[in-house]
Each structure stands twice: as C-alpha cells, then as structure tokens.
Asks: 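Below is the structure I would like to discuss, written out as structure tokens.
Quick caveat: nothing in here was measured; it's all calculated off a predicted structure. Each chain gets a letter, A, B and so on, in the order its sequence line appears, and its residues count up from 1.
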2 protein chains.
Amino acid sequence: MTELAELPATPGAARTQGRPRSSRAHEAILEAVLDLIEEGTTVEALSMEAIAARAGVGKATIYRRWAGKDELLLETLVKLKGPPTQPLGDSVRADLIRLLSVVGQKDQRAVRVMPCLMPEVSRSPEAYRIWQEAITEPRREVMREVLRRGVATGELRADLDIEVVVSMLISPLLLHRMVRWNPRLDEVDDLVEQIVDVVLQGVAA
Amino acid sequence: MTELAELPATPGAARTQGRPRSSRAHEAILEAVLDLIEEGTTVEALSMEAIAARAGVGKATIYRRWAGKDELLLETLVKLKGPPTQPLGDSVRADLIRLLSVVGQKDQRAVRVMPCLMPEVSRSPEAYRIWQEAITEPRREVMREVLRRGVATGELRADLDIEVVVSMLISPLLLHRMVRWNPRLDEVDDLVEQIVDVVLQGVAA
C-alpha cells in the first residue's frame with residue numbers, strides 16, 4: 001500500500017479507484033439528466049432538485065462533483081456522444097464514409113435527446129457554447145483533418161472552403177437523422193455514399 | 001344586400017367579408033400561438049385556455065374557427081412561413097441561389113420558433129405530419145422542379161437522386177440558420193453560391 005500511495009497520481013484516477021458506490025452515483029446522475037431531458041424537461045427548467053430526486057442521491061452529492069448545472073450538462077453530453085469516430089487514414093472517400101456513417105447512428109438515445117436541446121441551444125448562449133464544445137466542434141475537427149489531407153495530396157482543390165464542405169457533408173445526415181427531415185430519404189440505401197460522391201466530384205482538383 | 005347575398009359564395013370569403021373584428025381575433029389567435037411557443041411552451045403543453053387568454057378572446061372563438069389544436073397549429077405555421085419562394089425559370093444555378101437565399105432568412109420569427117418545435121416534431125407523429133405538410137414539403141417540391149428542369153435540359157445527370165440533391169442543397173443552410181450549427185460559417189459571405197456550385201459540379205451531366 002505504501003508503495004502504491006507513493007506513485008504519482010493519475011488525473012481522474014481518484015474517481016474510479018476503489019469507489020464503486022460513488023461511481024454508481026456519478027453514473028446515476030448523468031442518466032437522470034438524460035431521462036429528464038428526454039421526457040420533455042427543458043434545460044432551463046432542469047433543476048438540481050429534480051436531478052437529485054431522479055438519481056436517488058442528495059443534492060450535495062451533485063455539488064461535490066460539479067460546480068453547477070452547466071458543467072453537469074457538459075459532461076452528460078460528452079459522455080452521451082462519446083469520443084468522435086477517428087479516420088483510418090485510407091482514402092479520403094473511405095474515411096468520409098466512415099465518419100458520416102455514424103452521424104446520429106451510434107446511439108439512439110442521443111438521437112432522441114438532441115432535438116430536445118435545440119430550443120435551449122437557440123435561446124441560451126451558454127447552452128450553445130456547451131453544445132458546440134461537447135458535440136459539434138470535435139466532430140467537425142476530425143472531418144476537417146481528412147479534407148486537409150485530401151488537399152495536401154492534391155486530390156481536392158486547394159482553394160476549398162473547408163467549413164462549407166464539412167457542413168455539406170454532415171448537415172443532410174444530421175438533419176435527417178435528428179428530425180427525419182425528408183421521409184423519402186429513408187428509402188435511399190446508399191445515402192452516405194451518394195453525399196460523399198457528389199461533394200467529392202464537386203470539390204475535385 | 002340582396003344581390004350580394006345571391007352571389008355564389010367563395011370558399012373562405014365569409015371569414016373576411018365585412019368582419020374586421022373577427023379578422024382581428026383570428027390574427028390575434030395565431031400571434032398568441034407563436035408568442036407562447038417562442039416563450040418556451042411546448043406544443044404538447046400548449047392549451048386552448050392559454051391561447052385564448054393570450055389572444056384576449058374566449059375559447060369558443062377559437063373552436064368556431066378550428067376543430068382543434070392541430071388544425072390551429074397547422075394554419076399558424078403555414079402563415080408564419082408564407083408561400084414558398086418561386087423560381088424565375090432562369091438558369092438552374094440562378095434559381096437554386098434564389099430559392100436557397102431565403103432559407104431561414106425571410107422571417108426572423110420563424111427562425112426563433114422552428115427550434116422550439118423540434119422536440120415535439122421528433123416525439124409526436126401528428127406534429128411531424130403538420131411540420132412536413134406546412135413547411136418542409138412545399139419548399140422541397142419547388143426545388144425538385146428546378147432540378148427536374150435541369151435534368152430535362154441535359155444540364156444535370158439523368159440518374160440523379162433528386163431527394164438526396166435537394167437535401168444537400170437545403171440542409172446546410174437550414175441547420176446553420178436555425179441553430180447556427182458552425183459559427184465559422186458566419187464568416188462565409190457567399191455560402192449559398194458555394195453550396196450551389198459544389199453540388200452542381202458534383203451532379204453535372
């Protein structure tokens with residue numbers, strides 16, 4: 001024990017080391033936040049009282065872990081979405097298909113929760129910042145890297161506006177999988193491939 | 001008066017003919033629905049009582065005009081969005097730019113109300129149907145017509161999946177203007193033109 005205690009602490013290790021009970025509480029709190037949002041509680045109306053009651057913990061347990069609702073919501077969303085899928089470094093086409101195939105597909109719960117956040121995202125600068133930081137920006141960045149690689153190899157036009165191309169790739173899938181924007185798209189088997197091929201032909205060098 | 005009464009009735013004419021007071025009530029009711037949604041009332045929680053109170057009319061006045069909440073919401077959304085912008089029949093490129101330039105731009109109020117509807121649209125089949133019928137489908141249809149024209153003249157590929165192309169054109173703008181999906185897109189002056197040009201090059205015959 002003495003030897004172990006002398007090892008340098010790993011950040012975050014204290015949370016999981018021999019504290020199964022706290023870890024269960026942590027999990028229950030994040031789950032409670034998702035449950036409440038999914039059931040229609042707006043982010044604005046989401047209270048620490050309601051979260052504590054739903055998770056079966058005291059409010060103090062929440063405040064020991066998070067400074068406030070914003071921090072709690074941020075961690076909940078980061079955990080819900082998980083880390084962004086990474087490219088394999090194959091062809092630009094294969095990597096784009098890989099990244100787009102998971103848009104709104106990995107977790108059905110995320111698909112249900114995301115539309116519930118939209119009113120708050122459009123109203124509150126803080127909710128907007130959390131949504132950008134936790135969800136949209138990390139995924140855009142992975143896709144930018146694939147496109148930059150395509151520009152570097154001469155496959156894609158050098159004057160490409162990468163932000164526009166990223167939006168053209170992700171938005172049709174995101175909007176459709178989040179709110180089923182056009183029911184006719186359900187019948188398109190190779191939706192991801194078609195989107196990638198139209199964009200790649202449109203931005204070919 | 002007798003002569004006028006003998007004229008064949010025009011559908012809907014009774015509503016406006018010499019009834020300025022009723023017309024004002026009609027308007028006030030539609031406005032009340034938008035106000036309440038914009039302030040955060042979910043479509044599910046929206047009650048005829050609250051709408052009547054906000055509009056300053058009795059509940060009976062509402063029920064004389066609409067069979068229920070769904071019909072009222074449908075008319076509110078149709079009126080909020082107005083008729084879809086029509087193409088001029090110039091080049092496919094010019095018409096697409098014309099149609100896309102107004103996505104989420106004509107009415108700032110619509111931009112604020114739409115994200116508030118998303119939770120309900122994703123939860124309720126009835127809200128989904130209204131959203132499709134009142135808003136998304138009429139706009140998609142106008143754009144399909146422009147693309148079909150391009151296929152007919154040989155400008156665009158004949159094997160085009162028009163549903164996919166329509167989604168690729170509208171979704172990036174819709175998602176960004178509705179919830180400001182990527183703040184970096186704010187700095188792109190010619191966003192509409194870039195999207196149209198990438199897609200047109202991608203689907204050229």
Side-chain angles (χ1 to χ4, degrees), chain A residues 37-40 42 44-45 111-123 128-129 131-132 136-137 140 157 160-176 178-188 190-191 193-204, chain B residues 37-40 42 44-45 111-123 128-129 131-132 136-137 140 157 160-176 178-188 190-191 193-204:
Chain A
I37 292 175
E38 217 180 312
E39 288 163 14
T42 64
E44 199 178 357
V111 172
R112 289 194 305 271
V113 167
M114 287 304 139
C116 301
L117 294 175
M118 291 304 106
E120 194 71 9
V121 162
S122 72
R123 251 193 298 254
Y128 179 76
R129 193 190 60 74
W131 178 63
Q132 289 288 315
T136 64
E137 183 54 25
R140 282 195 296 261
R157 280 202 337 246
L160 207 59
D161 191 320
I162 284 188
E163 301 305 319
V164 177
V165 179
V166 167
S167 169
M168 292 184 70
L169 288 163
I170 298 181
S171 302
L173 291 156
L174 193 58
L175 194 63
H176 185 64
M178 200 165 68
V179 289
R180 199 168 165 241
W181 180 66
N182 178 359
R184 298 196 193 192
L185 289 179
D186 295 345
E187 295 150 34
V188 181
D190 56 346
L191 182 58
E193 287 81 359
Q194 284 199 42
I195 290 170
V196 169
D197 288 336
V198 168
V199 169
L200 283 185
Q201 188 177 329
V203 299
Chain B
I37 292 175
E38 215 181 314
E39 288 163 13
T42 63
E44 200 178 355
V111 172
R112 290 194 305 271
V113 166
M114 287 305 138
C116 301
L117 294 175
M118 291 304 105
E120 194 71 10
V121 163
S122 72
R123 251 194 298 256
Y128 180 76
R129 192 190 60 74
W131 178 62
Q132 289 288 315
T136 65
E137 183 54 25
R140 282 195 298 263
R157 280 197 342 242
L160 207 58
D161 190 322
I162 283 188
E163 300 305 318
V164 177
V165 179
V166 166
S167 169
M168 292 185 68
L169 288 163
I170 299 182
S171 301
L173 291 157
L174 193 57
L175 195 61
H176 185 63
M178 200 164 69
V179 289
R180 199 168 165 240
W181 179 67
N182 178 359
R184 296 195 194 194
L185 288 179
D186 295 344
E187 295 150 32
V188 180
D190 56 346
L191 182 58
E193 287 81 0
Q194 284 199 43
I195 291 170
V196 169
D197 288 335
V198 169
V199 169
L200 284 184
Q201 187 177 329
V203 299

Asks: What part of B:Val188 lies closer than 4.5 angstrom to a heavy atom of chain A: side chain, backbone, both or neither?
Replies: side chain
Asks: To the nearest 0.5 Å, tell me how far B:Leu117 CG sits from B:Glu38 CD.
Replies: 10.5 Å
Asks: Quick check for you: among A:Cys116, A:Gly202, A:Ala204, which has the greatest number of heavy-atom pairs under 4.5 Å with chain B?
Replies: A:Gly202
Asks: Under a 4.5 Å heavy-atom cut-off, does chain B meet the side chain of A:Leu200, its backbone, both or neither?
Replies: neither
Asks: As an exercise, state the distance from CH2 of A:Trp181 to CG of B:Leu175, rounded to the nearest 0.5 Å.
Replies: 11.5 Å
Asks: Could you tell me which portion of A:Glu187 (side chain, backbone, both or neither) has an atom closer than 4.5 angstrom to a non-hydrogen atom of chain B?
Replies: neither
Asks: What part of A:Leu185 lies closer than 4.5 angstrom to a heavy atom of chain B: side chain, backbone, both or neither?
Replies: side chain
Asks: Hey, are the side chains of A:Tyr128 and B:Val179 touching, using non-hydrogen atoms and a 4.5 Å cut-off?
Replies: no
Asks: What's the separation between atom CD in B:Gln201 and atom CD in A:Gln201, rounded to the nearest 0.5 Å?
Replies: 7.5 Å
Asks: Identify which part of A:Leu174 has an atom lying under 4.5 Å from any heavy atom of chain B, answering side chain, backbone, both or neither.
Replies: side chain
Asks: Under 4.5 Å from any heavy atom of chain B, what part of A:Ser122 do you find: side chain, backbone, both or neither?
Replies: side chain
Asks: Side chain from CB out, backbone as N, CA, C, O: work out which of these in A:Val164 comes under 4.5 Å of a heavy atom of chain B, or both, or neither.
Replies: both
Asks: Can you tell me if A:Ser167 uses its side chain to pair, donor with acceptor, with the backbone of A:Glu163 under 3.5 Å?
Replies: no
Asks: Measure the spacing between OG of A:Ser171 and CD1 of A:Ile195 and express it to the nearest 0.5 Å.
Replies: 9.5 Å
Asks: What part of B:Leu173 is in contact with chain A, defined as an atom under 4.5 angstrom from a non-hydrogen atom: side chain, backbone, both or neither?
Replies: neither
Asks: Taking every non-hydrogen pair under 4.5 Å, which of B:His176, B:Met118, B:Arg180, B:Gln132 racks up the most with chain A?
Replies: B:Arg180
Asks: Count the heavy-atom pairs under 4.5 Å between each of A:Asn182, A:Val203, A:Thr136 and chain B, then report the option with the highest count.
Replies: A:Asn182
Asks: Taking the side chain as every heavy atom from C-beta outward, state whether B:Asp161 and B:Val165 have any pair of such atoms under 4.5 Å apart.
Replies: no
